[in-house]
Novice: 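A single structure is presented below for examination.
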Amino acid sequence: MAYIDYYKILGVDKSATQDDIKKAYRKQARKLHPDLNPNDKEAERQFKELNEANEVLSNPENRSKYDKYGEHWKHGEEYEKAQQQQQRQYQKQNYGGGFSGADFGEGEDFSDFFQDMFGGSGGGFGKSSRGRASGKFKGNDIKAELNLNLRDAAKTHPQTFDINGKKVRITIPAGVYDGQQIKLKGHGNPGVNGGPHGDLYITFNIKADPNFERIGDDLKTKVTIDLYTAVLGGEVNVNTLEGMVNLKVKAETQTGTTVRLKGKGFPVYKKEGEHGDLFVTYEVKLPTNLTEKQKELFEQLKNS
């Protein structure tokens with residue numbers, strides 16, 4: 001597995017606080033979010049890397065392992081054991097007069113992880129004289145996708161689904177992003193020789209909504225007003241995630257005018273009570289099927 005510098009991806013240094021990491025993640029996520037970069041494969045790849053980096057560095061335990069073991073952080077204990085084993089082997093080669101496969105393997109077993117990292121093969125590397133390896137290995141991870149509509153993604157709710165015939169129940173936090181990935185530790189495939197289960201990685205796919213466009217934690221919507229309301233001012237009902245609200249329209253409002261409803265946007269992920277804003281754009285609808293009298297009135301306005 002190639003080394004990926006998660007600190008570089010997030011744009012922070014190794015001394016960054018957890019709060020620094022959160023801020024950096026949110027800033028980058030706004031730039032790279034698929035909603036802002038449709039059909040951009042490179043932005044999509046970077047967004048997935050960003051989520052992966054945040055998943056590791058926002059968890060103090062995982063961050064500590066990553067700082068210590070780098071790309072091998074998921075197998076830290078095995079990595080350390082393999083390093084110690086290699087050192088013992090080196091000492092035996094140089095100070096013990098050499099060794100054979102049987103000598104090296106007697107009474108000890110070595111994992112494929114050791115072979116993969118240090119290129120072991122042949123005599124002193126690999127399987128023991130008994131012809132088998134009895135190391136405990138973590139099971140393979142499972143990747144799954146979960147489809148949500150925008151309104152479901154805006155509320156914390158339980159969800160149950162099947163993985164390999166087993167029902168898994170999770171609680172989805174409000175504010176998840178399209179393309180965001182979360183990890184459920186120990187819900188992957190069974191381990192080998194009594195090793196731990198792998199992990200389950202769930203990627204959220206959030207469907208486009210007919211009423212709202214999501215930009216980070218903000219929402220955008222359009223509302224139609226008639227010419228008379230646009231000219232004279234008035235009120236209009238606007239749809240939000242929490243229901244309808246009544247909005248005052250200023251006189252002489254132009255089509256394309258946008259107003260902001262603070263705190264009426266999307267919930268902020270894992271920050272209870274915090275929301276983005278809702279941006280409402282007015283579209284002025286011109287009257288049709290005018291009577292002759294109405295046309296005369298418009299002519300009078302035109303010539304006044």
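As the structure is a prediction and not an experimental result, all values here were calculated from the model.
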Novice: Write down the atom of Pro287, the atom of Phe298, and the distance for their closest heavy-atom approach.
Specialist: CG-CZ, 4.4 Å
Novice: To the nearest 0.5 angstrom, please state how far the CG atom of Asp226 sits from the CG atom of Leu286.
Specialist: 10.5 Å
Novice: Would you mind checking if Asp277 and Arg260 are paired as a salt bridge, meaning a charged N to carboxylate O distance below 4.0 Å?
Specialist: yes
Novice: Would a hydrophobic clustering, with Ile, Leu, Val, Met, Phe, Trp and Tyr connected at side-chain separations under 4.5 Å, put Val223 with Tyr228?
Specialist: no
Novice: Taking side chain as C-beta onward, heavy atoms only, is His33 less than 4.5 Å from Asp178?
Specialist: yes
Novice: Does the Lys NZ or Arg CZ of Arg169 fall within the cation-pi geometry relative to Phe161 - under 6.0 Å from the ring centre and within 45° of the axis?
Specialist: no
Novice: Nearest 0.5 Å please: distance from the CD atom of Gln180 over to the CD1 atom of Ile202.
Specialist: 11.5 Å
Novice: Where is the tightest heavy-atom contact between Pro38 and Leu36, given as atom of each residue plus distance?
Specialist: CD-C, 3.4 Å
Novice: Would Glu49 and Arg45 satisfy salt bridge (charged side-chain N to carboxylate O under 4.0 Å, His left out), going step by step from the backbone distance to the final call?
Specialist: CA-CA 6 Å; Glu49 281 189 348; Arg45 181 190 67 78; 2.8 Å; yes
Novice: Indicate yes or no: does Lys65 engage Glu61 in a salt bridge with an N to O separation below 4.0 Å.
Specialist: yes
Novice: Hey, are the side chains of Asn37 and Glu42 touching, using non-hydrogen atoms and a 4.5 Å cut-off?
Specialist: no
Novice: Apply side-chain contact (heavy atoms from CB on, under 4.5 Å) to Arg26 and Val268, showing your working.
Specialist: CA-CA 10 Å; Arg26 291 183 61 189; Val268 179; 3.8 Å; yes
Novice: Taking Glu44 first and then Lys48, would you say they form a salt bridge - that is, a charged N and a carboxylate O separated by under 4.0 Å?
Specialist: yes
Novice: Answer yes or no: is there an ion pair linking Arg214 with Asp218, defined by an N-O contact shorter than 4.0 Å?
Specialist: no
Novice: Ignoring hydrogens and angles, tell me if any N or O in the side chain of Gln28 forms a donor-acceptor pair with the backbone of Tyr25 under 3.5 Å.
Specialist: no
Novice: To the nearest 0.5 Å, tell me how far Thr229 OG1 sits from Lys285 NZ.
Specialist: 12.5 Å
Novice: Nearest 0.5 Å, please: how far is CG in Asp19 from OG in Ser58?
Specialist: 12.5 Å
Novice: Test side-chain contact (heavy atoms from CB on, under 4.5 Å) on Ile172 and Leu148; report intermediate values, then the result.
Specialist: CA-CA 10 Å; Ile172 301 174; Leu148 299 172; 4.1 Å; yes
Novice: Flag the pair Asn147 / Lys207 as yes when at least one side-chain heavy-atom distance between them is below 4.5 Å, and no otherwise.
Specialist: yes
Novice: Give a yes or no on whether a salt bridge exists between Asp217 and Arg30, defined as a side-chain N under 4.0 angstrom from a carboxylate O.
Specialist: yes
Novice: Could you check Asp67 against Ser64 for side-chain hydrogen bond (donor to acceptor under 3.5 Å, both in side chains), going step by step and ending with a plain yes or no?
Specialist: CA-CA 5 Å; Asp67 288 343; Ser64 178; over 6 Å; no
Novice: Establish whether Ile215 and Val238 are linked, either directly or via other cluster members, by ILVMFWY side-chain heavy-atom contacts under 4.5 Å.
Specialist: no
Novice: For the pair Glu55 (side chain) and Glu52 (backbone), establish whether a donor and an acceptor sit closer than 3.5 Å, ignoring hydrogens and angles.
Specialist: no
Novice: Between Lys222 and Glu283, does at least one N-O distance fall below 4.0 Å, as a salt bridge requires?
Specialist: yes
Novice: Taking the side chain as C-beta and beyond, is there a heavy-atom pair between Gln18 and Arg63 under 4.5 Å?
Specialist: yes
Novice: Can you tell me how far apart CG (Asn289) and CD (Gln294) are? Round to the nearest 0.5 Å.
Specialist: 9.5 Å
Novice: Between Leu278 and Asn239, which heavy-atom pair has the shortest distance, and what is it?
Specialist: CD2-O, 4.1 Å
Novice: Can you list the steps and then say if Lys27 with Lys31 is a side-chain contact (heavy atoms from CB on, under 4.5 Å)?
Specialist: CA-CA 7 Å; Lys27 181 179 178 180; Lys31 292 181 181 178; 4.1 Å; yes
Novice: Can you tell me how far the OG1 atom of Thr221 sits from the CZ atom of Phe212, to the nearest 0.5 Å?
Specialist: 5.0 Å
Novice: Could you tell me whether Asn303 atom CG has more than 12 heavy atoms of other residues or ligands within 6.0 Å of it?
Specialist: yes
Novice: Are Lys22 and Asn54 side-chain neighbours, meaning at least one heavy-atom pair lies under 4.5 Å?
Specialist: no
Novice: Quick check: do Ile9 and Asp5 have side-chain heavy atoms less than 4.5 Å from each other?
Specialist: no
Novice: For residues Ile21 and Ala16, report the shortest heavy-atom separation together with the two atoms involved.
Specialist: CG1-CB, 4.3 Å
Novice: Let's go through Gln181 and Asn51 carefully: what are the C-alpha distance in whole Å and the side-chain angles of both, what is the deciding distance for side-chain hydrogen bond (donor to acceptor under 3.5 Å, both in side chains) to 0.1 Å, and is it a yes or a no?
Specialist: CA-CA 7 Å; Gln181 188 179 78; Asn51 276 316; over 6 Å; no
Novice: Is there a path from Tyr269 to Ile170 through hydrophobic residues (I, L, V, M, F, W, Y) whose side chains come within less than 4.5 Å of each other?
Specialist: yes
Novice: Looking at Asn189, Leu184, Asn140, Asp141, which hits side-chain contact (heavy atoms from CB on, under 4.5 Å) with Asp199?
Specialist: Asp141
Novice: Using atom types as modelled and distance alone, determine if a side-chain donor or acceptor of Glu235 lies under 3.5 Å from a backbone N or O of Asn246.
Specialist: no
Novice: Ignoring hydrogens, what is the shortest heavy-atom contact between Ser15 and Asp13? Give both atom names and the distance.
Specialist: OG-OD1, 2.7 Å
Novice: Indicate if Val236 and Leu241 have the same hydrophobic cluster label, given that clusters are the connected sets of ILVMFWY residues with side-chain heavy-atom separations under 4.5 angstrom.
Specialist: yes
Novice: If we only count heavy atoms from C-beta on, is the Leu219 to Thr240 side-chain gap below 4.5 Å?
Specialist: no
Novice: Would you please classify the geometry between the Tyr7 ring and the Tyr66 ring as parallel, tilted or perpendicular, with 30° and 60° separating the classes?
Specialist: tilted
Novice: Taking the side chain as C-beta and beyond, is there a heavy-atom pair between Thr258 and Tyr282 under 4.5 Å?
Specialist: no
Novice: I'd like to know whether Asn237 forms a side-chain contact (heavy atoms from CB on, under 4.5 Å) with Val245, so could you lay out the CA-CA distance, the side-chain angles of the two residues, the decisive distance to 0.1 Å, and finally the verdict.
Specialist: CA-CA 6 Å; Asn237 289 325; Val245 297; over 6 Å; no
Novice: Would a single hydrophobic cluster contain both Ile182 and Tyr201, if residues Ile, Leu, Val, Met, Phe, Trp and Tyr are joined by side-chain heavy-atom contacts under 4.5 Å?
Specialist: no
Novice: Are any of the side-chain nitrogens in Asp162 or Lys167 under 4.0 Å away from the carboxylate oxygens of its partner?
Specialist: yes
Novice: Restricting to non-hydrogen atoms, name the atom on Ile206 and the atom on Tyr177 that form the minimum distance, rounded to 0.1 Å.
Specialist: CD1-C, 3.5 Å
Novice: Looking at Ala174, is its backbone amide N or carbonyl O close enough to the side chain of Thr156 to form a donor-acceptor pair, meaning the two atoms are under 3.5 Å apart?
Specialist: yes
